[in-house]
Every structure is written in structure tokens, then in C-alpha cells.
There are 2 protein chains.
Amino acid sequence: MESSVTLAQVARAAGVSASTVSRILNGTANVSVEKREAVERTLAQLNYQPNVLARGLAGGRTMNVGVLTQDISSPFYGEALRGVEQGLAGSGYVPVFMSGHWHEKEETEAIDLLLARRVDAMLILGGVTPDAGLREVAGRVPLVAIGRSLPDLGRQCLRVDNRHGAFLATRHLIELGHRSIAHIAGIPSHRDAQDRLEGYREALADAGIGFDPDLVLAGDFLEHSGFLATTRLVEGRGFFTAIFAANDQMAYGARLALHRKGLRVPEDISLVGFDDLAGSAYTCPPLTTVRQPVHEMGRAAARCVLRMLAGQPPALPPLQVQLVLRESTARRRAG
Amino acid sequence: MESSVTLAQVARAAGVSASTVSRILNGTANVSVEKREAVERTLAQLNYQPNVLARGLAGGRTMNVGVLTQDISSPFYGEALRGVEQGLAGSGYVPVFMSGHWHEKEETEAIDLLLARRVDAMLILGGVTPDAGLREVAGRVPLVAIGRSLPDLGRQCLRVDNRHGAFLATRHLIELGHRSIAHIAGIPSHRDAQDRLEGYREALADAGIGFDPDLVLAGDFLEHSGFLATTRLVEGRGFFTAIFAANDQMAYGARLALHRKGLRVPEDISLVGFDDLAGSAYTCPPLTTVRQPVHEMGRAAARCVLRMLAGQPPALPPLQVQLVLRESTARRRAG
DNA sequence: CTGAAAGCGCTTACAG
DNA sequence: CTGAAAGCGCTTACAG
């Protein structure tokens with residue numbers, strides 16, 4: 001049990017050459033039944049476990065797919081990672097996760113490490129690596145990106161229409177009679193945040209509602225910033241009856257801030273989020289939000305990588321955002 | 001940029017042997033300044049990236065630490081993984097994550113894969129692999145386990161006192177005047193669930209409160225089971241004024257069920273969870289719970305692995321559970 | 001201080 | 001169908 005058995009040891013024990021054992025292991029060629037059986041018996045007896053490193057070095061394929069995520073503990077990315085796991089399951093390829101923390105340097109290091117490890121393909125989830133860097137990686141191995149859109153590599157990018165999602169969220173509030181709708185935006189430099197803000201503005205414009213800069217505060221996509229922004233909104237001079245937060249985590253923070261100020265959701269203030277995290281169905285009240293099919297996105301991206309690895313052209317299904325109506329919004333009360 | 005530069009190419013370009021380049025890369029021996037400079041220049045020029053596979057195969061060390069987690073998207077394990085990342089940061093070792101989903105077969109496969117990959121050490125987070133299996137792994141590589149206690153390997157196991165945590169939670173409710181306290185337990189076969197149930201019973205006994213089996217329902221540690229259990233409790237004939245859920249996720253479900261039944265927290269029913277997930281500070285009301293320092297546990301486990309890798313004996317700091325008082329509990333109202 | 005050589009454990013043409 | 005041999009890209013005694 002102590003040290004590991006090698007191919008050569010198996011070959012000797014079974015009375016065949018290492019090549020033969022290798023061929024049986026990989027199904028690479030026909031082998032006589034007797035030899036096959038003899039080998040398979042010793043394989044089991046010795047409990048042989050191939051050395052993945054040697055295999056990768058010799059064969060040129062590691063069966064590893066590098067997955068660059070941003071935060072290993074993020075509920076949002078976590079869901080995508082599960083999708084990736086599922087999409088890869090049974091294919092023989094295994095994911096190798098690494099986090100970039102939205103830090104260009106860290107991301108670059110992670111990508112380099114993955115490449116040094118000779119991953120056969122790469123899956124990128126968000127991040128801030130410049131397009132050029134990603135394009136370079138794509139030149140070396142099959143690459144699929146989630147949450148990004150690389151020019152020239154459109155067919156390898158999976159990105160939902162954030163602008164449209166934000167539009168739906170805001171329009172929903174407008175349809176309920178709200179005219180003074182605050183927006184807690186995400187990190188200003190993030191493309192997703194920009195798109196969501198744009199969708200919000202578009203819906204307002206569509207309804208002939210003027211844009212009020214005082215009603216838009218920037219957050220950082222985390223709970224606390226939603227709490228802070230909402231506290232400021234309530235204490236500020238701007239009037240509002242609804243809030244559209246650029247993601248669910250900030251909506252959670254907003255909800256708590258309203259609670260602290262004695263404002264009820266949805267009776268006093270309506271609240272909408274974005275993402276539809278697993279927890280959003282269990283907040284009180286359950287959160288109305290824009291669903292991003294993250295899990296499916298992870299799966300689809302993994303499948304696409306598999307296709308490319310098999311020499312086929314990339315193909316990604318169209319995935320739509322969807323407004324999920326729960327209980328955090330209500331018709332604006334007269335008065 | 002296309003294909004990768006090898007050590008041999010660098011050596012040739014710099015006019016030295018491969019051995020020398022290797023030594024410079026690894027700081028293995030003294031090298032004359034001129035050669036060192038020449039090599040370092042070409043290294044940079046050619047943008048050399050060592051092949052990790054070859055390195056691992058030749059050197060016998062991969063600088064990889066296998067990390068077996070259960071669910072890559074779990075908020076609880078996710079926090080621990082972040083701790084592991086941090087604990088390993090800067091050490092040169094990188095974590096390789098794999099999920100077992102509390103499935104013995106999957107766990108075994110994951111562990112075997114990690115071993116086939118020649119990880120230098122292993123970190124185990126929970127799971128259902130029998131002690132014997134883990135002991136065997138521990139015989140091959142340095143191993144640290146979180147959330148398990150392996151006989152004979154106590155110094156390599158990090159596990160909080162679940163019984164005590166549950167005791168604290170229950171006693172807190174008792175001190176607030178509650179006498180009819182329901183418990184939503186975890187999966188009966190899980191050691192953690194058993195210990196927490198035990199702590200609950202102990203606190204009751206300590207206070208001279210009789211144990212009422214009707215007030216204990218089993219869940220599966222997920223939100224929905226907490227919702228279901230609570231709904232059944234409210235609809236059942238048993239009287240209760242407080243609930244202690246065996247983890248925060250079930251407490252979230254319980255909170256929603258109470259909300260649906262028109263019961264207020266904490267005015268009508270007090271609620272306590274276990275774990276102190278990141279989200280628990282943002283529920284409405286913020287959840288009183290038993291804090292497990294998961295992040296610190298991940299860090300400490302990683303540090304311990306590093307110690308063992310350096311040839312030192314394992315050492316793990318004592319980590320305590322702690323009752324975090326927030327706003328989901330209140331003194332039992334008269335009547 | 002520094003090379004040449006062997007070896008890590010596999011795979012894969014190359015011959016039969 | 002099946003071996004012997006070369007090679008993947010490194011590291012590390014072994015000699016100088």
C-alpha cells in the first residue's frame with residue numbers, strides 16, 4: 001500500500017511489455033484476450049494507479065481543464081463551478097480551479113500556473129484580464145469565457161444580456177406604479193455594472209421618467225455596500241419607493257438597512273435584485289430578482305470546451321436572463 | 001508565444017548546461033555571477049515557464065496539495081477553501097480542489113485522482129470516507145482533516161466541539177425563558193448532527209426540562225428541509241416558542257416558514273442557527289447563531305500541512321465555537 | 001562552480 | 001498482435 005506500483009512492475013508481473021499494458025489501459029490497440037486478461041488481473045491485484053504526471057508528460061495531454069474563477073467562496077461563482085463540474089463529469093477531463101480575486105496580477109499568475117501545468121483547455125469566469133491576454137491564451141489552448149465578450153472570439157463567450165435584465169427589473173417596478181426608483185450599482189469599472197445601470201436608465205427613459213443621479217449609488221457587489229447605500233438613500237433627501245440593486249448580495253444588505261429604518265418590504269419599499277442566488281428564495285420576503293442561469297452557464301461552457309477538445313467548432317446555447325417574481329415587490333401605494 | 005520554451009532551449013541560448021539553468025531556477029547551488037546573469041536574461045527574453053509535470057516527475061515533488069471538499073458551491077465549505085488558499089499563499093504550494101458530495105464512491109475516486117496526481121499532501125474537509133481509508137492515505141502523504149476526528153491521528157484533525165456549541169445555543173434560549181424549544185436536526189448519520197442533538201439534549205437536561213421527541217425533526221442541512229420541518233412543527237400539535245436549527249441554512253428555511261405562518265422572529269418565536277455563514281449577518285432579523293471559525297480552520301489546516309511538509313510534527317491551534325448574539329432571539333413573552 | 005548522464009513513469013512511432 | 005527504443009522536460013547524484 002505504501003509506495004505506488006508502476007507500469008513496468010505490472011508488465012513484469014503479467015509477463016508482457018510495458019507497451020502492451022499501456023495499450024490495454026488506453027484501449028489504443030487490439031490485444032489478444034489471454035494477455036488482456038492476464039494484465040487486467042495483475043492490474044487489479046497490484047491496485048495499479050497510473051501516474052498522471054508521467055502520462056501527461058509523455059502523451060502531451062493532461063486531461064485537465066484549467067478553470068479561472070474569481071472567489072472560491074462566492075455564492076455566484078460557486079454555482080457556476082458546480083455547473084462546470086457537472087458538464088465535465090464522465091468525460092475523463094477534470095477541472096483544476098484557481099482564483100484570481102479580480103486582481104489582474106493574481107489572474108495572470110493563476111493562468112500562467114495553469115498553463116505551466118499543461119492544462120488541455122481553459123475556462124475563464126469573469127475577471128479583469130485584458131482581452132489581449134485572453135486572446136493569447138486562446139491561441140495556445142481551447143478557451144471558453146463566461147461573463148466576458150471577447151472580440152473575434154464571440155462563439156467562445158457566454159454572456160447574458162445584463163442590460164436587458166436590468167431593463168426587465170426596472171420596468172417591472174414601473175409597471176407596479178413606481179416612479180422614484182433608486183439603483184444601487186455595482187463597481188463602476190465592471191462591465192456588468194455598467195450594463196445594468198444602462199438597462200435601468202433605458203427603462204426609465206422608455207417610461208418617460210427622468211433620470212435622477214441622486215438616486216443612484218455605487219456599491220461593490222457585496223452585502224455591506226448595499227446596506228450602506230440604502231442607509232444613505234433613506235437618510236438622504238431623495239424620495240423613492242423602490243430599489244433595484246445590481247445584484248442579490250447588495251439587495252440583501254439593502255433589505256437589512258430598510259429593516260433597520262423601520263421600512264417594510266414590499267409594503268413601504270419594493271426591492272429587486274439580480275442573479276437569483278440560491279439564497280434568494282429564502283430571504284424574508286423571498287426576493288424578486290433577475291435570474292442568471294449560472295449553473296447552466298457553467299455546464300454549457302464545460303460542454304463547449306469538450307467540443308473544442310474533440311476538434312469540433314465551439315458552440316454555446318443562447319441563455320436568457322429571466323425576471324423571477326417573488327415577494328419583495330408590490331404595487332406602489334397611493335399617497 | 002505559441003509553443004512553450006524548454007529548459008534545454010534556454011540553456012543553449014545562454015551557453016550553459018541544462019543543469020546550470022535548473023540550479024539557478026531552484027537556487028540549488030552557487031553559480032558564478034556571469035552565468036547567472038546570462039541565464040536570467042535569456043529566461044526573461046524567452047519568457048520561460050517551467051513544465052510543472054516534468055518537474056514533478058523528475059523531482060518527486062509536485063508542490064500540489066490535494067483538497068477534498070464536499071460541495072464546491074457550499075457557503076460553508078467555500079469559506080474553508082478560502083482559508084486554505086490563504087494559508088497556502090506564498091508557500092509555493094498550490095491547492096487542487098476536488099468534490100466528494102458526501103458520497104463515498106465519489107470521495108474515493110477524488111482521493112485516488114489526487115494521489116495519482118502525486119499531490120505532496122492532502123487536506124480533507126468532512127465527508128463520509130471511513131476512517132480506515134483516510135488512515136491509509138495518511139500513511140502515504142501528510143494529511144490534515146477538518147471536521148473529522150480520526151483515532152490515532154488526533155493531532156492532524158481539526159474539529160470544533162459541536163456538542164458544546166449546541167449546548168450554548170440551547171442554554172441561551174433557556175436563559176431567555178424558553179422551555180419549549182424545538183430542534184431541527186441534521187442528517188442523522190452525520191456525526192456533527194448527532195453531536196449537536198446531544199448538546200441540545202444536554203442543555204435541556206441541565207435545566208431540568210424534559211426532552212420532547214415531538215419537538216425534534218430531522219433535516220438535511222439544506223434550506224428547504226428547515227422550511228419543511230418548521231411548517232410541520234407549526235401545524236403539529238406540539239407547543240414551542242423557540243427553534244434551534246442544526247445549521248444556518250436550515251435556520252433560513254425555518255425563518256421563511258415562520259414568516260409564511262405569520263409568526264414573527266423573535267417576537268413570537270426565537271431562532272438560533274449554527275455555523276455563522278457570511279449571510280447570517282444579513283438575514284432579517286440578523287441571525288443569532290453558533291460561530292464556527294471556518295475560515296480560520298481552513299487557514300490553520302493549511303499551515304499544519306505546510307509544517308508537516310517541512311518535516312515538522314503537526315500542530316493545530318485550538319479553535320472554539322462561539323455564540324454570536326444577534327437579533328433573532330428574545331425573552332419569552334409572558335402568557 | 002559546472003557538465004554529462006541517468007532516471008522519473010509513462011506513450012507512441014517503429015519494426016517485426 | 002507485441003517489443004524495444006526513443007522521447008516527453010525536468011532534477012539530481014556523479015564526476016571533475
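Residue numbering restarts at 1 for every chain, and letters A, B, ... go by the order of the sequence lines.
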Q) Is D/dA4 paired to anything, Watson-Crick or G-U wobble with both distances less than 3.5 Å, and if yes, which nucleotide? A)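 When the pairing criteria are applied, nothing turns out to pair with D/dA4, so the answer is none.
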Looking at [N], I'd like to know if its phosphate oxygens (OP1 or OP2) sit under 4.0 Å from a side-chain N or O belonging to [X].
| X | N | value |
| --- | --- | --- |
| A/Thr28 | C/dT11 | no |
| B/Tyr48 | D/dC10 | yes |
| B/Asn26 | D/dT11 | yes |
| B/Ser22 | D/dT11 | yes |
| A/Ser19 | C/dT11 | no |

How many whole angstroms separate atom [atom1] of [X] from atom [atom2] of [N]?
| X | N | atom1 | atom2 | answer |
| --- | --- | --- | --- | --- |
| B/Leu53 | C/dT11 | CG | P | 13 Å |
| A/Arg118 | D/dG9 | CZ | P | 8 Å |
| B/Arg55 | D/dC10 | CZ | P | 8 Å |
| B/Ile24 | D/dC10 | CD1 | C1' | 15 Å |
| A/Arg117 | D/dC10 | CZ | P | 16 Å |
| A/Leu7 | D/dG7 | CG | C1' | 16 Å |
| A/Leu25 | C/dG9 | CG | P | 15 Å |
| A/Lys35 | D/dT2 | NZ | C1' | 6 Å |

hbond_proxy B/Arg23 side chain to C/dG3 base (donor-acceptor, 3.5 Å cutoff):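 Indeed, a donor on one side and an acceptor on the other fall under 3.5 Å apart.
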For B/Pro95 and B/Glu85 the tightest heavy-atom approach is CG-CG, 4.5 Å
For A/Gly100 and A/Leu68, the nearest pair of non-hydrogen atoms, with its separation, is N-CD1, 4.1 Å
For the pair A/Thr129 (side chain) and A/Leu134 (backbone), establish whether a donor and an acceptor sit closer than 3.5 Å, ignoring hydrogens and angles.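 The answer is no, because no donor-acceptor pair under 3.5 Å joins these two groups.
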query = Quick check: does any side chain N or O of A/Arg307 sit under 3.5 Å from a backbone N or O of A/Pro313, one acting as donor and the other as acceptor?
reply = yes
Suppose you measure atom C1' in D/dG16 against the same atom in D/dT12; what distance do you get, rounded to whole Å?
16 Å
Which of these nucleotides, [options], is closest to any side-chain atom of [X]?
| X | options | answer |
| --- | --- | --- |
| B/Leu57 | C/dG9, C/dC10, D/dA4 | C/dG9 |
| B/Thr20 | D/dC8, C/dT2, D/dC1 | C/dT2 |
| A/Ser17 | D/dG3, C/dT11, D/dG9 | D/dG3 |

Any carboxylate oxygen within less than 4.0 angstrom of a Lys/Arg side-chain nitrogen, looking at A/Arg82 and A/Glu79? yes
